[in-house]
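First the proteins, then the strands, lettered A, B, ... as listed; each starts at 1. Values below: every heavy atom of this structure, side chains too, minus hydrogens, waters and symmetry copies.
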Amino acid sequence: MRLATWNVNSLKVRLPQVLQWLADNPIEVLCLQELKMDHPVFPLAEIEAAGYQAAWFGQKTYNGVAILVKNGCSLGDVVAGIPGYDDEQRRVIAATVDGVRVVCAYFVNGESVESPKYQYKLQWLAELERYVASELAVHRDFALLGDYNIAPEDRDVYDPEGWREQVLCTTPERDSFRRLIGMGLADSFRLFNDEDKQYSWWDYRAMMFRRNMGVRIDHILISDSLKARASACVIDKAPRKWERPSDHTPVVVTLA
DNA sequence: ATGGCAGGAATGTCCTGA
């Protein structure tokens, strides 16, 4: 079983790339973020024609998340949003796929530490931690995939000093990430790759991708039981090289 | 120090992203 996460920065624009990538990579579960698409206009027909089912939680202009599941896999128990947290922004959707509890999340960016959005980010992170803990209490096989908008360590950013205590890298954000790890989750990418300069997002400006000046902020955290099944986790940079790409590129984990 | 690129909403130019 392979699971992936990809912030597509508008599914309307990126749908052909998503379908191409799935044709090239016929994985079982693809979590998408930043659909930027009203819920009713989700392109279900095109996705079904490609052999996938979908659960989605759309919103006009901003946010929006979806889980695409290959036909033949079971898809059930869909929950949109964080239960018990009244949030106008549609950032989370969960589903159970072949017995694996999958949570797809588009974490808050936060803009800057001085912004009210940063306070929203910290509150949102606390609500997510509570949600993940409650899910782990009932699901042994659990994965949290998404755009975390957190670079966990200095080696996950191209210019650690320049990013010092900037949003994505602040101590409270990294503490939240570490608390998720402390719940018994593993950063699946780091199970297989200890290198620095491994990024999942590059700014569109200033040829940052060509210069490999990016940040690793898209992650797949997996429970102990899935860690035992994991055989690989890779960042697929290919779609970032395509015409009119998303600024994020997919991350894929392979489970036995 | 600033803006630079991209998408959406709208049709001016601003908001948001990271």
Side chain of [X], backbone of [Y]: donor and acceptor closer than 3.5 Å?
| X | Y | result |
| --- | --- | --- |
| His219(A) | Ile150(A) | yes |
| Lys121(A) | Asn149(A) | yes |
| Trp202(A) | Asn212(A) | no |
| Arg240(A) | Pro245(A) | no |

With sugar-phosphate meaning primed atoms plus P, OP1 and OP2, does [X] contact a base, only sugar-phosphate, or nothing at under 4.0 Å between heavy atoms?
| X | answer |
| --- | --- |
| Asp247(A) | nothing |
| Tyr106(A) | sugar-phosphate |
| Asn149(A) | sugar-phosphate |
| Glu111(A) | nothing |

Between [X] ([atom1]) and [N] ([atom2]), how many Å, whole number?
| X | N | atom1 | atom2 | answer |
| --- | --- | --- | --- | --- |
| Asp159(A) | dA18(B) | CG | C1' | 14 Å |
| Arg211(A) | dG4(B) | CZ | C1' | 11 Å |
| Lys121(A) | dT16(B) | NZ | C1' | 14 Å |
| Gln59(A) | dT16(B) | CD | C1' | 12 Å |
| Asn7(A) | dG17(B) | CG | P | 11 Å |
| His219(A) | dA18(B) | NE2 | P | 12 Å |
| Arg210(A) | dC5(B) | CZ | C1' | 15 Å |
| Arg205(A) | dT2(B) | CZ | C1' | 11 Å |

Expressed as a whole number of Å, how far does the [atom1] atom of [N] sit from that of [M]?
| N | M | atom1 | result |
| --- | --- | --- | --- |
| dT16(B) | dA10(B) | C1' | 16 Å |
| dC15(B) | dA1(B) | P | 24 Å |
| dG7(B) | dT11(B) | C1' | 16 Å |
| dG8(B) | dT2(B) | C1' | 25 Å |
| dG4(B) | dC14(B) | P | 13 Å |
| dA9(B) | dG3(B) | C1' | 23 Å |

Quiz item: Within a radius of less than 6.0 Å around CZ of Arg140(A), do more than 12 heavy atoms belonging to other residues, nucleotides or ligands occur?
Solution: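 No - once you tally the heavy atoms of other residues, nucleotides and ligands closer than 6.0 Å, there are 12 at most.
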
Quiz item: According to a strict under-4.0 Å criterion, is His248(A) in side-chain N/O contact with OP1 or OP2 of dG17(B)?
Solution: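 False: His248(A) side-chain N/O out of range (4.0 Å or more) of dG17(B) OP1/OP2.
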
Quiz prompt | Contact letters for nucleotides 6-12 of chain B, in which S counts primed atoms plus P, OP1 and OP2 and B counts the base, heavy atoms under 4.0 Å | solution = SSSS---

Quick one: [atom1] on [X] to [atom2] on [Y], what's the gap to the nearest 0.5 Å?
| X | Y | atom1 | atom2 | answer |
| --- | --- | --- | --- | --- |
| Asn63(A) | Phe57(A) | CG | CZ | 10.0 Å |
| Leu180(A) | Tyr148(A) | CG | OH | 6.5 Å |
| Phe107(A) | Glu173(A) | CZ | CD | 11.0 Å |

Exercise. Please list, by residue number, the residues of residues 162-171 of chain A whose heavy atoms come closer than 4.0 Å to an atom of DNA chain B; answer none if no residue qualifies.
Key: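 Leu168(A), in order of number.
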
Exercise. Run the salt-bridge test on Asp187(A) and Arg216(A) with the 4.0 Å N-O cut-off and return the result as yes or no.
Key: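 The answer is yes: the pair qualifies as a salt bridge.
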
Quiz prompt | Ring centroid separation Trp56(A) to His39(A) under 6.0 Å | solution =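 Here the rings of His39(A) and Trp56(A) have centres that are less than 6.0 Å from each other.
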
